[in-house]
Protein chains: 2
Amino acid sequence: MPRTKKPPYQACPVARAAAIMADRWSVLIVRDAFDGLRRFGEFQKSLGIARNILADRLHTLVETGILTMEPASDGSAYQDYVLTPKGEALFPVVVGFRQWAEQHLFQSGEPHSQLIERKTGRPVRKMAPSTRDGRVLGPQDAFVRKLPS
Amino acid sequence: MPRTKKPPYQACPVARAAAIMADRWSVLIVRDAFDGLRRFGEFQKSLGIARNILADRLHTLVETGILTMEPASDGSAYQDYVLTPKGEALFPVVVGFRQWAEQHLFQSGEPHSQLIERKTGRPVRKMAPSTRDGRVLGPQDAFVRKLPS
DNA sequence: GCGATCCAGTTGCAAAATGAAACCAGTTTA
DNA sequence: TAAACTGGTTTCATTTTGCAACTGGATCGC
């Protein structure tokens, strides 16, 4: 049971998020969780990940409060891994990856997917940081303000 | 010169993005690049990363078209690592990480930062996937449509 | 009820990635 | 021109990953 080591304290939010979520398997597990997967075996089959690594990542995600274990919804004695609210709040991050990739990681002509609103069937808008009144902000338009404790 | 291995072909955009950017150091390098860092030594000092790993990541980011090497802006014979448009397009991803962490990775009472619009001094709005007419979408409100090639 | 199968891991081991430190060749500074 | 700085590369030890075999409880078929 040697589990992968906890990273040290980080003041920067991006660093803290990265310490938890900047891992290939973790983001794919969360993606699959958004797609409704819940069981160890479902994740394993979907990802082709080694079982020990999957066990490690699932436990880490549970430890960090992104997933929670609950009795399987099919009534069996097994467990489901389900997103917590904190885990669901990663939706924008996953969508961010998706939209960036769709725009920049596919050759033109290569088949690519699109995120669609279920209710209307219309494509989801490209996400971007913006002001409260809707102006889109680029990297130069914003800076980080450290708040006093 | 053994460089870290290229991941295999991925159909899912999230997986493709993760293969490149779901790496602790790569996201921190890009974050620092958004903050204006450009030189090998600047990144090394800011991140405390081992030099060989930094060299590897910088080259990978250049290879994938996120950074580009250009003659140093200070006129010296050295090189700058600068974000390309493809790299700048990662802004929403980095902001996504930041906003998620600020909301879910800091104890209440713990000092945390905030993203501010430079021009108005007002906080940047929380990013979320939404429709073209501005309704916010949760994980259940959207699905992926595979487009025909 | 009982053997076969399935599920969710764990263990052992080899290969790969990471990290620290020393080293090095060009560049700039004094 | 010597000293220091920059941007790496090399070496080596430690950590993480990945594969495959193993395990033990749950479930299924009969």
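Residue numbers begin at 1 in each chain, while the letters A, B, ... track the order of the sequences.
Atom P of nucleotide C/dG9 and atom CG of A/Leu54 are separated by 8 Å, given to the nearest angstrom. Between the CG atom of A/Asp56 and the C1' atom of C/dT10 there is a distance of 12 Å, rounded to whole Å. The distance from atom CZ of B/Arg24 to atom C1' of C/dT18 is 11 Å, rounded to the nearest whole Å. Going from atom CG of A/Asn52 over to atom P of D/dG18 covers 9 Å, rounded to whole Å.
Between B/Asp74 and B/Arg39 there is a salt bridge, since at least one side-chain N of the basic residue sits less than 4.0 Å from a carboxylate O of the acidic one. Using a 4.0 Å cut-off between charged side-chain N and carboxylate O, A/Asp23 and A/Arg57 make a salt bridge.
At most 12 heavy atoms of other shown residues, nucleotides or ligands fall within 6.0 angstrom of atom NZ in B/Lys126.
Inter-residue side-chain proximity for B/Asp32 and B/Glu42 is flagged as unmet; no heavy-atom pair is nearer than 4.5 Å. Looking at A/Arg122 and B/Arg132, their side chains never come closer than 4.5 Å, going by heavy atoms from C-beta outward.
Taken residue by residue, residues 65-81 of chain A places heavy atoms nearer than 4.0 Å to DNA chain D at A/Ser76, A/Ala77, A/Tyr78. For DNA chain D, the residues of residues 29-51 of chain B within the heavy-atom distance limit of 4.0 Å (strictly under) are B/Arg39, B/Phe40, B/Gly41, B/Arg51, sorted by number.
For the OP1/OP2 pair of C/dG19 and a distance below 4.0 Å, the side-chain nitrogens and oxygens of B/Trp25 include at least one atom meeting the criterion.
Closest approach of B/Gln79 to B/Pro71, counting heavy atoms only: OE1-N, 4.2 Å.
Counting only heavy atoms from C-beta on, B/Ile53 has its side chain closest to C/dG19 among C/dG9, C/dG19, D/dT9.
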Please assess A/Met69 against A/Val62 for the test side-chain contact (heavy atoms from CB on, under 4.5 Å), listing each intermediate value before the final yes or no. CA-CA 7 Å; A/Met69 292 171 78; A/Val62 167; 4.0 Å; yes
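Ring centers of B/Tyr81 and B/Phe40: at least 6.0 Å apart, outside the cut-off.
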